[in-house]
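These notes concern the structure reproduced below.
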Amino acid sequence: MIDIHTHILPCIDDGASSLQEAIELLLAEKQQGITGVVFTPHFVLQDKSLNNFIEERNAAFNLLKKEIEKTGLCQDMEFYLGAEVRYDPNLIKEDLFALCIEGTSYLLLEPLNDYPYNFEKTLDAILSMGITPIIAHVERFNYLIKDEKLLSRLLNNGVVFQSNAHAVLSRKFGSKDAKKLIKRGIVQVIASDTHNLECRPPMLKEAFKKLSKYESYLKRNAQRIVSDKLI
């Protein structure tokens, strides 16, 4: 299994706060049957330049790799760099391929709580670059889940939708909407969006068990995303 949305890299966002916690999260992922992890720390264009973010992300990844080598833990897992990119209409001026899931043209994109300025036009511009947006935890955004025509347009244009495992398992976090979107074929990928072991641990195994009817489809899509290498 591949987890395409995580906040495991240490000390870079609101995820793992130490190397030890990052290793513990990876071990928890492994216990869930996860074989590949995409590291997607938050990127907010208004807060940080793209170059600074890439430097900080790579530094955090190098520290984690050294700790993995030192401890000998999780060495059989595959790791990919990416980002959870906060929506901003000015993103189209940036080198977005640098933020895509490593080696692919898939960009994990986090919309705003309210309908964003130039949302569809910006998504169309991103698609025209040859980049496929993955809308993170779509169940959180009412203006999306309540607008079937908008969802259909985006889906037909090639946009991918992701839901969180916690949304499938909890009565909170848009649970009812997540399940409906999965059943309707809107959501193509489930990911953990794990931040810590206390309140946001990785729970993909439990989510897939609850969604056994859709398990193979959802797993294949995650695998396809990280395998869809750029030519």
Side chains of [X] and [Y], heavy atoms from C-beta outward: is any pair under 4.5 Å?
X    : Y    : answer
M203 : F208 : no
V187 : Q162 : no
L154 : I135 : no
I68  : F79  : yes
L96  : L50  : no
F53  : P41  : yes
L108 : L99  : no
I2   : I4   : yes

Query raised in the report: Thinking salt bridges, do K48 and E56 make one under a 4.0 Å N-O criterion?
Result: yes

Query raised in the report: Below 4.0 angstrom, N of the basic side chain to O of the carboxylate: do E215 and K219 qualify?
Result: yes

Query raised in the report: Do F39 and F61 have ring centroids that are under 6.0 Å from one another?
Result: yes

Is a side-chain N or O of [X] found less than 3.5 angstrom from the main chain of [Y], in a donor-acceptor match?
X    : Y    : result
Q32  : K205 : yes
Q188 : F161 : yes
D147 : L150 : yes
R57  : G82  : yes
N118 : T122 : no
E102 : L81  : yes
T6   : D193 : no
N157 : V159 : no
N62  : N58  : yes
S152 : K149 : no

Taking [atom1] in [X] as the centre, count heavy atoms belonging to other residues, nucleotides or ligands within less than 6.0 Å. Is the count above 12?
X    : atom1 : value
E206 : CD    : yes
D114 : CG    : no
Q75  : CD    : yes

Any chance you could measure [X], atom [atom1], to [Y], atom [atom2], to the nearest 0.5 Å?
X    : Y    : atom1 : atom2 : result
D177 : I182 : CG    : CD1   : 11.0 Å
S192 : H7   : OG    : NE2   : 8.5 Å
I131 : S105 : CD1   : OG    : 7.5 Å

Query raised in the report: What residues, two or more places apart in sequence or in another chain, satisfy side-chain hydrogen bond (donor to acceptor under 3.5 Å, both in side chains) together with T132?
Result: none

**Report entry** Residues which pass side chain to side chain contact (heavy atoms under 4.5 Å, CB included) with N90, listed by chain and number, not counting sequence neighbours
**Finding:** L45, D88, K93

**Report entry** For V168 against A207, the heavy-atom pair lying closest together
**Finding:** CG1-O, 4.1 Å

Query raised in the report: Closest heavy-atom contact between R86 and L91?
Result: O-CD1, 3.5 Å

Side-chain donor-acceptor pairs under 3.5 Å in residues 24-31, sequence neighbours left out?
residue	atom	partner	partner atom	Å
E24	OE2	Q20	NE2	3.2
K30	NZ	D76	OD1	3.0
K30	NZ	D76	OD2	3.2

Report task. Check step by step if side chain to side chain contact (heavy atoms under 4.5 Å, CB included) holds for V160 and L155. Result -> CA-CA 7 Å; V160 174; L155 192 66; over 6 Å; no

Requested in this report: I would like to know whether N164 and I190 meet side chain to side chain contact (heavy atoms under 4.5 Å, CB included); could you show each step before the answer?
Outcome: CA-CA 6 Å; N164 284 355; I190 296 288; over 6 Å; no

Query raised in the report: H137 and E84: side-chain hydrogen bond (donor to acceptor under 3.5 Å, both in side chains), yes or no, with the steps?
Result: CA-CA 11 Å; H137 37 65; E84 182 180 7; 3.1 Å; yes

Query raised in the report: Y87 and ring-ring contact (aromatic ring centres under 6.0 Å, His included): which partner among F119, Y115, F141?
Result: F119

Query raised in the report: Between I126 and Y117, is there a shared hydrophobic cluster once you connect ILVMFWY residues whose side-chain heavy atoms come closer than 4.5 Å?
Result: no

